[in-house]
Amino acid sequence: MTPPVVHIAGARPNFPKAAPVVKALERAGVDQLLIHTGQHYDETLSEIFFRQLALPEPDINLEVGSGTHASQTAAIMVGL
C-alpha cells in the first residue's frame, strides 16, 4: 500500500500554492492527507482560502495559533 501524500499548510501563501497540487493529485487518484498548522486561523487568513480555492477540509488541524517563530515551529514539530 502506498502511503498518502501529506500536505502541510498553515500560512496564507501556502494555501494558493497547495490548491492546484491537491486537485491534480486528486484527479490522479492519489491518496492525500491535508494538515493545517493553524498558524493562520481566522476567516480572512485561512477559511476564505479553503472556500475560494475549493480545498478540502483539513484532515488534521494542529491549532498552533499565534506566537514566536520558535514556539510555532516547535508546536508544529510536536504536533506532527
Side-chain angles (χ1 to χ4, degrees):
M1 182 172 169
T2 304
V5 171
V6 178
H7 307 276
I8 302 171
R12 185 177 58 220
N14 303 142
F15 303 125
K17 293 175 188 175
V21 177
V22 169
K23 290 175 187 171
L25 291 175
E26 185 177 273
R27 284 191 302 272
V30 175
D31 289 329
Q32 303 177 75
L33 184 69
L34 178 58
I35 299 174
H36 189 321
T37 64
Q39 290 165 273
H40 287 176
Y41 46 82
D42 72 5
E43 169 66 23
T44 59
L45 295 177
S46 178
E47 294 172 24
I48 194 167
F49 290 103
F50 283 88
R51 282 196 315 277
Q52 290 183 348
L53 300 172
L55 280 166
E57 286 293 314
D59 297 290
I60 298 168
N61 189 329
L62 300 177
E63 299 180 7
V64 301
S66 299
T68 66
H69 289 289
S71 65
Q72 286 180 318
T73 300
I76 292 167
M77 291 171 62
V78 169
L80 292 174

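- Side-chain contact check for L62 versus I35: some heavy-atom pair is nearer than 4.5 Å.
- Each ring-ring contact (aromatic ring centres under 6.0 Å, His included) pair with one or both residues in residues 55-80, not counting sequence neighbours, would appear here, but there are none.
- Under the side-chain contact (heavy atoms from CB on, under 4.5 Å) criterion, K17 pairs with P13, not counting sequence neighbours.
- For the side chain to side chain donor-acceptor pair (under 3.5 Å) test, residues two or more places apart in sequence or in another chain that qualify with S71 are T68.
- Residues passing the side chain to side chain donor-acceptor pair (under 3.5 Å) test with E63: none are found, sequence neighbours excluded.
- Cluster membership check: I8 does not share its hydrophobic cluster with F15, using side-chain heavy-atom separations under 4.5 Å among Ile, Leu, Val, Met, Phe, Trp and Tyr.
- The side chain to side chain donor-acceptor pair (under 3.5 Å) contacts involving residues 6-15 comprise H7-Q32, where partners must be two or more places apart or lie in separate chains.
- Scanning both residues, V5 and V30, for their nearest heavy atoms gives CG2-CG1, 3.7 Å.
- Here V78 is tied to no hydrophobic group at all, with no ILVMFWY side chain closer than 4.5 Å.
- In terms of heavy atoms, Q39 sits closest to H36 at N-CE1, 4.5 Å.
- With sequence neighbours left out, I48 forms a side-chain contact (heavy atoms from CB on, under 4.5 Å) with E43, R51, Q52.
- With sequence neighbours left out, D59 forms a side-chain contact (heavy atoms from CB on, under 4.5 Å) with L33, L34.
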In residues 18-26, what donor-acceptor pairs under 3.5 Å come from side-chain atoms, sequence neighbours left out?
unit_1 : atom_1 : unit_2 : atom_2 : d
K23    : NZ     : L53    : O      : 2.7

